[in-house]
A.B. asks: 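Just dropping this structure here.
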2 protein chains.
Amino acid sequence: MPALQTIYQHPLLTLSELETIFEAHQPVNLNKGDYLLKKGQVANSYSCIVQGMVRSYVYDFNGNDITTGFIGKDEIAIDVISLFHQIPTVEYIQALTDCKCYVIGLDQFQVLYHAIKGFNEWGRLWMSESLFQLKQRTVSMITDSAIDRYKKLQEQHPQILQQAPLKFIATYLGITDTSLSRIRKEIVKER
Amino acid sequence: MPALQTIYQHPLLTLSELETIFEAHQPVNLNKGDYLLKKGQVANSYSCIVQGMVRSYVYDFNGNDITTGFIGKDEIAIDVISLFHQIPTVEYIQALTDCKCYVIGLDQFQVLYHAIKGFNEWGRLWMSESLFQLKQRTVSMITDSAIDRYKKLQEQHPQILQQAPLKFIATYLGITDTSLSRIRKEIVKER
DNA sequence: AAATCTACTTGCCATAGGACAAGAAATAAA
DNA sequence: TTTATTTCTTGTCCTATGGCAAGTAGATTT
């Protein structure tokens with residue numbers, strides 16, 4: 001399970017602990033368009049993506065859907081607030097492409113989380129990193145122009161540009177699809 | 001220690017556990033302008049704010065400082081990525097006003113975090129909420145106009161408007177101080 | 001009390017990006 | 001292969017916000 005090995009990396013985790021963790025996951029295949037989570041539901045698992053890409057989004061007051069994130073290979077599709085607080089989510093998580101993933105339920109997660117110290121530490125580090133990345137994204141929204149945000153995405157997550165349609169990338173960057181189309185044109189010209 | 005009681009709320013935490021947690025904190029007074037953390041340092045503690053307000057910020061490429069957050073009474077001033085990964089921070093955390101806080105070191109935190117299940121759970125929930133709030137802020141940056149973002153801040157965190165100078169609020173909202181000044185004027189007119 | 005400083009306001013003009021509408025072009029459906 | 005549907009591009013015009021510079025008002029220092 002190479003994806004799980006990539007995801008669950010922590011110095012305290014022994015091979016046999018990793019084995020135990022892996023076994024708590026169930027393989028699941030998603031078809032393009034399938035939902036992992038829908039607004040109003042209470043999350044009861046999270047998914048490690050082995051292949052393909054999913055998108056999380058919310059609706060704003062005007063009914064526009066706003067992409068809050070893209071989750072690809074070796075990443076985790078999760079709504080931490082719904083899962084850990086056991087409250088209804090405001091988010092949708094949907095497969096952008098056909099996907100292979102490994103899903104782990106909250107119950108099993110909880111048992112391992114409290115039984116395996118390294119897993120517990122790993123979880124906290126994962127959350128720390130998520131917070132950091134989200135903070136960086138917020139700063140980028142404030143300081144970078146739309147074209148710079150696009151270029152960064154291009155450098156840092158080229159797979160997103162290949163797998164996601166323009167309109168979703170646009171809302172993720174905080175601009176309209178029209179503007180993104182013009183930005184692409186501009187970048188092509190620059191070469 | 002009313003601030004600590006407000007902060008450390010979790011159904012699993014017993015009174016004696018709370019007592020133990022409280023005792024691990026040291027009271028510290030800050031003068032306006034004092035730094036809790038500076039870029040390049042590795043965080044080795046976090047601070048529960050009892051009184052006053054601190055601001056976290058980073059510098060962008062152009063040398064402008066960008067406010068990443070305001071932390072007030074009953075909230076926690078922490079750089080999770082630096083503290084838990086033990087890596088140098090990119091952030092500054094500075095007292096906006098004179099402050100009273102309770103500080104806990106990473107070493108003591110670690111011991112309690114692994115000894116007290118309720119504390120461990122509390123920590124995860126705290127991080128989940130932080131992630132959720134940051135996500136909401138990002139969505140707001142994308143979908144709301146500057147004036148709407150200001151009004152929301154006004155409703156949800158009125159203390160910030162009272163304790164922080166306009167220029168810091170402006171960068172937090174992702175606008176210039178000039179624009180924020182005009183927004184305030186506009187809002188006064190509306191009444 | 002004069003002299004600095006910092007915080008905030010205001011005016012003028014520039015510009016990035018939005019709104020809307022009309023194509024293309026590609027994909028899916030019939 | 002013809003029709004629909006979705007995706008992306010392009011044009012025109014508009015608006016929110018930025019850049020810069022000057023001005024006012026408090027606060028702090030000398």
A.B. asks: Do B:Gln5 and B:Phe22 have side chains that approach each other closer than 4.5 Å (heavy atoms only, starting at C-beta)?
C.D. replies: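 The answer is yes, as the side chains (C-beta and beyond) meet within the 4.5 Å cut-off.
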A.B. asks: Nearest whole angstrom, please: distance from the P of C:dG17 to the CE of A:Met141.
C.D. replies: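 About 10 Å, once rounded to whole Å.
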A.B. asks: In terms of side-chain heavy atoms of B:Ser145, which of C:dC20, C:dG11, D:dT17 is nearest?
C.D. replies: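 Shortest atom-to-atom distance from the side chain points to D:dT17.
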A.B. asks: Quick one: on DNA chain C, does A:Ala146 or B:Arg182 contact a more 5' nucleotide (nearest heavy atom)?
C.D. replies: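 Nearer the 5' end of the strand: B:Arg182.
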A.B. asks: Using whole Å, report how far CG of A:Asp177 lies from C1' of C:dA19.
C.D. replies: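 Rounded to whole Å, this separation is 11 Å.
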A.B. asks: In the structure I gave you, are the side-chain heavy atoms of B:Ile104 and B:Ser45 within less than 4.5 Å of one another anywhere?
C.D. replies: no
A.B. asks: I'd like to know if B:Glu121 pairs up with B:Arg124 as an ion pair, taking the criterion as any Lys NZ or Arg NE/NH1/NH2 lying under 4.0 Å from an Asp or Glu carboxylate oxygen.
C.D. replies: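 Yes, this pair counts.
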A.B. asks: Would you kindly compare B:Lys167 and A:Lys32 by the position of their nearest DNA chain C nucleotide and give the one closer to the 5′ end?
C.D. replies: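 Going by which nucleotide is closer to the 5' end, it is B:Lys167.
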A.B. asks: Verify the contact: side-chain N or O of A:Thr176 to OP1 or OP2 of C:dG18, cut-off strictly under 4.0 Å; return yes or no.
C.D. replies: yes
A.B. asks: Send over the distance from A:Lys189 NZ to D:dT10 C1', rounded to a whole Å.
C.D. replies: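 Checked: the NZ to C1' distance equals 12 Å.
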A.B. asks: Once you round it to whole Å, what is the distance between C1' of C:dG17 and CD1 of B:Ile175?
C.D. replies: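 For the pair B:Ile175 CD1 and C:dG17 C1', the rounded distance is 17 Å.
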A.B. asks: Could you tell me whether the phosphate oxygens of D:dC8, OP1 or OP2, come under 4.0 Å of any side-chain nitrogen or oxygen in A:Ser181?
C.D. replies: no
A.B. asks: How close or far is atom P of C:dA7 from atom CG of B:Asp65, stated in whole angstroms?
C.D. replies: 11 Å
A.B. asks: Is the distance from OP1 or OP2 of C:dG18 to the nearest side-chain N or O of A:Ser179 less than 4.0 Å?
C.D. replies: yes
A.B. asks: Rounded to whole Å, please give me the gap between CG in B:Leu180 and P in C:dA7.
C.D. replies: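 That distance rounds to 14 Å.
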A.B. asks: Taking only Lys NZ, Arg NE, NH1 and NH2, and the carboxylate oxygens of Asp or Glu, determine whether A:Glu155 and A:Lys152 approach each other closer than 4.0 Å.
C.D. replies: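 Not counted as a salt bridge, because no side-chain N and carboxylate O are separated by less than 4.0 Å.
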A.B. asks: Figure out the CZ/P separation between B:Arg184 and D:dT17, and round it to whole Å.
C.D. replies: 16 Å
A.B. asks: Is the phosphate of C:dT10, meaning OP1 or OP2, less than 4.0 Å from a side-chain N or O of B:Lys185?
C.D. replies: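 Yes, within the criterion.
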A.B. asks: So A:Lys135 and B:Asp79, salt bridge (Lys or Arg N to Asp or Glu O under 4.0 Å) or not? Walk me through it.
C.D. replies: CA-CA 11 Å; A:Lys135 213 174 219 178; B:Asp79 181 345; 5.6 Å; no
A.B. asks: Could you state the CG-P distance from B:Asn62 to D:dC20, rounded to the nearest angstrom?
C.D. replies: 11 Å
